[in-house]
Amino acid sequence: MKLLIKLLNRKKIKISVAESCTGGLLASAITSISGASKIFNLGLITYSNQAKIKILKVNKKIIKKYGAVSHECCYAMVNNLSKISKANINVSITGIAGPKGGTKNKPVGLVYIGVKKGAKIQINKFLFKSKKRSTIQKATVKKALNLLLRAAK
C-alpha cells in the first residue's frame, strides 16, 4: 500500500473512487496511509441506486435494464466519476457483498471494478467464492488496489 502511494505521488497521479458494496473501505484503505493527501482526490459512497443516479448521473435506464450490479452500471459510474473528479485515475466498485441479495444470475460475491485512466476504461468482473460479507468486501478492496497499482505503472 505504501508502495502505491509512493508511486502515485512520484508520478503526480491523483485518484478518485466511487464505491457501492465496499461502503468506503477502499477510500479508507488508501487514506489510512501517510501521504495519501497528495494523491487522493475524492471518494464517493454511492450505495443506493438513487445516489448512483443523482450524484454519479448513472442513467436510470441502465439500472432498470441491467441492474446496479452490472458491467454497464460500473462503466457509467467510473466514466461519470472522472467527469466530476478530474483525477488521473478513477475507480468504481459495485457488487453483491451478501450474505443476502444474490440471485442465480447475480450471486453473492459478484463484483465489478472499473478503472479509468485517461480515455481508457477497463471493467473487471470478479466472483468471490466466500459468502461472508466482510471477506467479499476485503477481497474487493485488495483487487481494486492491485488494479490501481497496475494502472499507475
Side-chain angles (χ1 to χ4, degrees), residues 1 4 8 13-33 36 39-153:
M1 182 59 119
L4 175 64
L8 293 169
I13 293 173
K14 296 260 188 218
I15 61 167
S16 290
V17 301
E19 300 178 69
S20 186
C21 68
T22 47
L25 282 178
L26 177 59
S28 177
I30 294 166
T31 58
S32 68
I33 305 296
I39 60 98
F40 192 82
N41 188 35
L42 174 73
L44 297 173
I45 302 166
T46 51
Y47 203 75
S48 68
N49 289 352
Q50 201 59 24
K52 289 175 185 70
I53 294 162
K54 290 269 187 252
I55 296 166
L56 285 176
K57 307 291 184 223
V58 173
N59 192 315
K60 261 185 250 175
K61 291 174 186 163
I62 290 173
I63 293 175
K64 197 172 174 147
K65 186 174 181 181
Y66 304 103
V69 180
S70 64
H71 180 282
E72 292 79 4
C73 183
C74 189
Y75 183 97
M77 285 172 71
V78 78
N79 195 40
N80 295 349
L81 172 66
S82 72
K83 293 171 189 171
I84 298 166
S85 77
K86 307 284 190 259
N88 309 90
I89 300 175
N90 294 275
V91 179
S92 66
I93 296 173
T94 185
I96 303 166
K100 294 185 175 99
T103 64
K104 192 175 177 223
N105 290 341
K106 292 185 181 183
V108 168
L110 175 65
V111 177
Y112 291 90
I113 303 173
V115 179
K116 182 173 184 187
K117 183 183 181 185
K120 191 176 172 227
I121 298 177
Q122 183 186 6
I123 306 299
N124 306 272
K125 180 181 177 180
F126 299 99
L127 185 55
F128 299 106
K129 295 288 177 223
S130 175
K131 296 294 173 237
K132 205 168 163 223
R133 188 176 185 81
S134 64
T135 306
I136 292 166
Q137 290 174 322
K138 285 174 191 159
T140 300
V141 168
K142 194 175 176 186
K143 287 283 186 196
L145 290 169
N146 285 335
L147 291 167
L148 253 173
L149 193 57
R150 227 183 301 152
K153 286 185 177 172

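In what follows, every heavy atom counts, from backbone to side chain, and hydrogens, waters and symmetry copies are set aside. Numbering starts at 1 and runs along the sequence shown.
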Engineer: Using modelled atom types and a 3.5 Å cut-off, is there a donor and acceptor pairing between side-chain atoms of Asn80 and backbone atoms of Leu56?
Structural biologist: yes
Engineer: Looking only at non-hydrogen atoms, find the nearest pair between Gly114 and Val78 and report the distance.
Structural biologist: O-CG2, 3.7 Å
Engineer: Ignoring hydrogens and geometry, is there a side-chain-to-backbone donor-acceptor pair from Ser28 to Gly24 under 3.5 Å?
Structural biologist: no
Engineer: Check whether any side-chain N or O of Lys52 sits under 3.5 Å from a backbone N or O of Thr46 as a donor-acceptor pair, and report yes or no.
Structural biologist: yes
Engineer: Suppose the criterion is ring pair (Phe, Tyr, Trp, His ring centres under 6.0 Å): which pairs have a residue in residues 101-150, not counting sequence neighbours?
Structural biologist: Phe126-Phe128
Engineer: How far apart are the closest heavy atoms of Ala97 and Ile136, and which atoms are they?
Structural biologist: O-CD1, 3.4 Å
Engineer: Could you give all pairs that pass the ring pair (Phe, Tyr, Trp, His ring centres under 6.0 Å) test and reach residues 43-75, with sequence neighbours left out?
Structural biologist: none
Engineer: With side chains defined as the heavy atoms from C-beta onward, is the minimum distance between Leu44 and Ile55 less than 4.5 Å?
Structural biologist: yes
Engineer: Mind listing the closest non-hydrogen atom pair of Cys21 and Gly95 along with its distance?
Structural biologist: CB-O, 3.3 Å
Engineer: Give the minimum heavy-atom separation between Ala151 and Lys117, together with the two atoms involved.
Structural biologist: O-NZ, 2.7 Å
Engineer: Does Thr94 use its side chain to pair, donor to acceptor, with the backbone of Ala68 at less than 3.5 Å?
Structural biologist: yes
Engineer: Please identify which of these residues, Ile13, Val115, Ile30, meets the side chain to side chain contact (heavy atoms under 4.5 Å, CB included) condition with Leu148.
Structural biologist: Ile30
Engineer: Using the side chain to side chain donor-acceptor pair (under 3.5 Å) criterion, which residues pair with Asn79? Sequence neighbours excluded.
Structural biologist: Lys116
Engineer: Quick one: closest heavy-atom pair of Ile96 and Gly102, and the distance?
Structural biologist: CG2-N, 4.0 Å
Engineer: Donor-acceptor pair, distance only, cut-off 3.5 Å: does the side chain of Ser70 make one with the backbone of Cys73?
Structural biologist: yes
Engineer: Among all residues two or more places apart in sequence or in another chain, which pass the side chain to side chain donor-acceptor pair (under 3.5 Å) test with Asn146?
Structural biologist: none
Engineer: Taking side chain as C-beta onward, heavy atoms only, is Ile93 less than 4.5 Å from Val17?
Structural biologist: no
Engineer: Checking Arg133 side chain against Pro99 main chain: does a donor-acceptor pair fall under 3.5 Å?
Structural biologist: no
Engineer: Between CD of Glu72 and CD1 of Ile63, what distance do you get to the nearest 0.5 Å?
Structural biologist: 11.5 Å
Engineer: Under the 3.5 angstrom rule, does the side chain of Asn124 hit a backbone N or O of Ile113 as a donor-acceptor pair?
Structural biologist: yes
Engineer: Can you tell me how far the CD1 atom of Ile121 sits from the OG atom of Ser82, to the nearest 0.5 Å?
Structural biologist: 6.5 Å
Engineer: Considering residues at least two apart in sequence or located in another chain, which fulfil the side chain to side chain donor-acceptor pair (under 3.5 Å) criterion with Gln50?
Structural biologist: none
Engineer: Holding to side chain to side chain donor-acceptor pair (under 3.5 Å), I want the full list of residues that pass it with Gln137, two or more places apart in sequence or in another chain.
Structural biologist: none
Engineer: Quick one: pull up CD1 in Ile89 and CD1 in Ile15 and give me the separation to the nearest 0.5 Å.
Structural biologist: 7.5 Å
Engineer: Please round to the nearest 0.5 Å and tell me the distance separating atom CG of Leu4 and atom CZ of Arg150.
Structural biologist: 13.0 Å
Engineer: For the atom pair CD1 (Ile62) and SG (Cys74), what is the distance rounded to the nearest 0.5 Å?
Structural biologist: 11.5 Å
Engineer: For residues Thr140 and Lys143, determine if any side-chain heavy atom of one lies less than 4.5 Å from a side-chain heavy atom of the other.
Structural biologist: no
Engineer: Please give me the minimum heavy-atom distance between Val108 and Leu127, naming the atom from each residue.
Structural biologist: O-CD1, 4.1 Å
Engineer: Does the side chain of Leu110 reach to within under 4.5 Å of the side chain of Lys125, using non-hydrogen atoms?
Structural biologist: yes
Engineer: Measure the shortest side-chain to side-chain distance between Leu81 and Leu42 over non-hydrogen atoms and say whether it is less than 4.5 angstrom.
Structural biologist: yes
Engineer: Is Lys106 atom NZ crowded by more than 12 heavy atoms from other residues, nucleotides or ligands, each under 6.0 Å away?
Structural biologist: yes
Engineer: In Å, rounded to the nearest 0.5 Å, how long is the span from NZ of Lys132 to NZ of Lys138?
Structural biologist: 6.5 Å
